[in-house]
Protein chains: 2
Amino acid sequence: MKRTTIKDLARQFGVNPSTISRALNNHPDVGEDLKNRVQTLANQLGYRPNRLAASFRNRRSRLIGLIVPQVNMFFFPSIIKGVEDIARAKGYSLIVLHSSDSLEREIENVQICFENNIDGLLVALTRETQNLEHFDLLREAETPIVFFDKILEDPNQQAVVIDDFEAAATLAQTFRETGCKRIAGVLGDPNLNITQKRRSGFEYALRDYPAELRFVNADSAAQSRVKMQELLASGFAPDGLFTMSDETLLGAVAAIEGNENGLPKCHIACFSDGLLPNYLNVHMTYVQHSGYEIGQTAMALLHEQICRETVLPVSNIVQMPTTLIRI
Amino acid sequence: MKRTTIKDLARQFGVNPSTISRALNNHPDVGEDLKNRVQTLANQLGYRPNRLAASFRNRRSRLIGLIVPQVNMFFFPSIIKGVEDIARAKGYSLIVLHSSDSLEREIENVQICFENNIDGLLVALTRETQNLEHFDLLREAETPIVFFDKILEDPNQQAVVIDDFEAAATLAQTFRETGCKRIAGVLGDPNLNITQKRRSGFEYALRDYPAELRFVNADSAAQSRVKMQELLASGFAPDGLFTMSDETLLGAVAAIEGNENGLPKCHIACFSDGLLPNYLNVHMTYVQHSGYEIGQTAMALLHEQICRETVLPVSNIVQMPTTLIRI
DNA sequence: AACGATTGCGCAAACGGTTGCGGGTAGAGC
DNA sequence: GCTCTACCCGCAACCGTTTGCGCAATCGTT
């Protein structure tokens with residue numbers, strides 16, 4: 001069965017397709033009577049507009065691109081939920097692409113987005129990304145872009161992040177308060193902007209505090225566990241643990257709890273989306289930065305840009321508020 | 001800056017747009033010389049085809065719809081990764097929609113997919129879904145659909161699942177072997193097909209085994225934890241735990257480990273995507289059903305249907321193999 | 001040299017919906 | 001009876017790409 005088109009409806013009523021189009025779009029140039037009859041028949045026949053045709057004509061696809069470096073367990077699901085909820089409310093659909101932590105694939109993804117004529121793009125960068133040249137394609141097409149979470153310093157960008165430096169510093173303070181002397185920190189990839197900011201915020205807050213800091217880098221729960229096991233095996237017995245993400249938290253806690261030599265009470269402070277900490281049965285302090293809210297905010301910001309129909313030449317970095325939670 | 005189109009290229013070479021189109025698509029009707037010159041200039045100018053136009057003309061959008069009941073932590077990320085990897089390899093992009101466990105929203109999602117002229121659809125149903133009528137829209141348009149994980153019994157459907165009955169029975173056996181007498185089972189929503197199958201497989205395998213079975217239903221980690229806490233508070237002290245998903249596993253284990261009265265050694269058997277069990281620092285047996293592979297298989301199956309260009313009137317339920325793992 | 005086959009390109013329509021413009025009709029006002 | 005206006009609707013172009021068909025030029029064959 002073919003799908004019913006505007007032309008089909010036009011034939012039914014013996015009018016011009018343009019009139020049907022206007023009737024369906026509630027254009028004032030169509031008589032009330034005809035308008036009603038058209039709309040009811042359209043419903044009966046289950047008429048659904050062909051967005052492809054409309055998009056093509058209007059040069060608006062009503063499609064949003066979402067590019068993430070990887071599909072992880074904790075942050076990504078929250079993000080996609082937040083983005084999709086807002087996008088749907090505004091009448092947009094989501095094309096989701098992941099870069100597998102590869103710049104090459106990120107570039108591919110941008111091209112895919114361009115070819116699909118997306119109306120706007122949301123991006124979290126890979127750890128390999130050093131500049132934003134590959135987005136020029138979209139910028140020249142005046143397609144608004146909002147970066148979030150994993151971003152680069154760059155003029156004239158729209159972005160949604162948290163105050164990583166400040167949050168890390170706040171977490172660092174808790175180690176001072178609890179009197180920790182040997183702190184293990186599991187950070188993300190050292191190339192990442194957020195890793196650098198969180199580390200420097202952490203170190204800055206403890207710059208005059210006499211504790212031994214040992215940092216390791218890990219991108220996944222598995223890596224975090226291994227790195228932590230190595231650290232423990234090396235004889236370092238931390239009384240404090242700092243992690244930068246839920247993934248690394250999971251791995252590090254597993255390593256510590258699985259440690260055969262046992263371990264004295266260990267104070268934990270971390271960044272988290274808020275779910276995992278409640279299931280680990282250990283006390284900890286965490287900065288909750290909600291992926292859901294970041295996703296919502298980023299999408300809302302993007303939508304503003306789209307409606308404005310002109311890319312702002314100003315930089316706008318939205319810093320989301322975070323909450324410090326003790327459990 | 002406007003994007004370069006085929007017409008721009010045609011003007012440059014003083015030829016007809018159709019010739020440019022053929023040159024770019026390596027059509028034999030274009031001379032080698034011209035073909036090369038066109039392709040090199042197209043690269044230089046960074047020409048990217050406007051898929052919207054091509055899709056419109058060809059009635060193929062190269063878009064795949066992916067509808068999931070909810071965006072959870074463990075299963076969904078694996079699924080989307082598997083689907084996207086295959087889809088990308090075949091030249092398709094993904095529109096991701098979640099139904100928030102609501103039939104109404106699922107119906108909306110199907111309509112969105114239809115309007116976007118998707119070439120194929122992958123669906124895991126909500127717990128509210130009782131029939132597949134709302135997919136008729138797409139079926140009439142001859143759009144292939146592949147159901148996965150959460151499906152309904154229905155003739156003439158393509159689906160990818162696991163043998164839930166058998167797998168649950170296998171897990172049940174482990175309780176018999178370890179001699180458990182009081183088994184707590186945390187299952188998903190009772191309306192779900194997989195819940196019913198897994199429960200009946202479980203009960204069947206233990207039909208002649210003298211153990212006390214207590215089942216509770218939970219959709220999330222939080223619910224699972226609460227239900228398990230209630231069960232423990234009621235005086236039931238399980239020596240065996242059976243869960244149906246990673247989410248429920250996480251909640252149930254947290255409840256047991258957080259139990260103030262302590263608990264004797266508890267044998268755990270569950271369904272899992274394979275990641276979480278390694279981080280809980282408890283021994284268990286689990287049936288690994290890889291969301292990644294299910295996603296890949298479902299997408300590959302869908303691609304076959306798309307290429308066949310005619311919807312098969314036969315039912316084809318692919319049962320993925322599972323692995324029993326003890327840790 | 002005459003003829004058929006092949007090569008290489010142009011022409012134009014089509015996909016479905018949108019929109020500026022124009023025009024016909026009916027009613028109101030003088 | 002005339003003009004003016006408001007109301008409704010048709011006409012046709014357009015968005016970028018694809019493709020069947022046609023045709024001229026070239027090539028190969030007898």
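Below, each value reflects all heavy atoms present in this structure, side chains not excepted, and no hydrogens, waters or symmetry copies. A note on names: the letters A, B, ... follow the listed sequences, proteins ahead of strands, and every chain is numbered from 1.
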Looking across every strand, which nucleic acid part, if any, lies under 4.0 Å from B:Thr5 by heavy atom: base, sugar-phosphate, or nothing?
sugar-phosphate

So, is B:Ser21 near the phosphate of D:dT18, with a side-chain N or O under 4.0 Å from OP1 or OP2?
yes

Taking any heavy-atom pair under 4.0 Å as a contact, classify B:Arg59: base, sugar-phosphate, or nothing.
sugar-phosphate

Hey, which sits more toward the 5' end of DNA chain C by its nearest nucleotide, A:Pro49 or B:Pro17?
B:Pro17

Between which nucleotides of DNA chain C, 5' to 3', does chain B make heavy-atom contacts below 4.0 Å?
C:dG8 to C:dG16

Atom CZ of B:Arg60 and atom P of D:dT18 are separated, to the nearest Å, by 10 Å

Under 3.5 Å, is there any donor-acceptor pair linking the side chain of B:Arg3 to the base of D:dG16?
no

For A:Leu34, answer base if it contacts any base atom (sugar-phosphate contacts may also be present), sugar-phosphate if it contacts only those atoms, and nothing otherwise; contact means non-hydrogen atoms under 4.0 Å.
sugar-phosphate

Is any side-chain N or O of A:Ser18 under 3.5 Å from a base N or O of D:dC11, one able to act as donor and the other as acceptor?
yes

So what does B:Asn58 touch, heavy atoms closer than 4.0 Å: a base, only the sugar-phosphate, or nothing?
sugar-phosphate

Whole-Å gap separating C1' (D:dC7) and CG (A:Asp33)
14 Å

Determine whether more than 12 heavy atoms belonging to other residues, nucleotides or ligands lie under 6.0 Å from atom CD of A:Glu104.
no

Does A:Asn117 use its side chain to pair, donor to acceptor, with the backbone of A:Ser61 at less than 3.5 Å?
no

Between B:Asp85 and B:Lys81, is there a side-chain N and carboxylate O pair less than 4.0 Å apart?
no

Only one of A:Val146, A:Val160, A:Leu301 clears side chain to side chain contact (heavy atoms under 4.5 Å, CB included) with A:Asn316; which?
A:Leu301

D:dG16 C1' sits how many Å from B:Asn16 CG, rounded?
13 Å

Do A:Glu84 and B:Val71 make a side-chain contact, defined as non-hydrogen atoms from C-beta onward lying under 4.5 Å apart?
no

Is any side-chain nitrogen or oxygen of B:Tyr47 closer than 4.0 Å to OP1 or OP2 of D:dG16?
no

Nearest-Å distance, CZ (A:Arg22) to P (D:dC7)?
15 Å

Between CD1 of A:Ile6 and P of D:dC9 the distance, given in whole Å, is 15 Å

With heavy atoms under 4.0 Å as the rule, sort B:Asp29 into base, sugar-phosphate or nothing.
base

For atom CZ of A:Phe56 and atom P of D:dA13, their distance in whole Å
16 Å

Can B:Lys150 and B:Asp219 be counted as an ion pair, charged N to O under 4.0 angstrom?
no

Side chains of B:Arg62 and A:Asn116 only: does a donor on one sit below 3.5 Å from an acceptor on the other?
no

Separation of D:dG16 P from B:Asp8 CG (nearest whole Å)
8 Å

Is a side-chain donor-acceptor pair under 3.5 Å present for B:Ser102 with B:Ser99?
no

How close or far is atom C1' of D:dG16 from atom CZ of B:Arg62, stated in whole angstroms?
17 Å

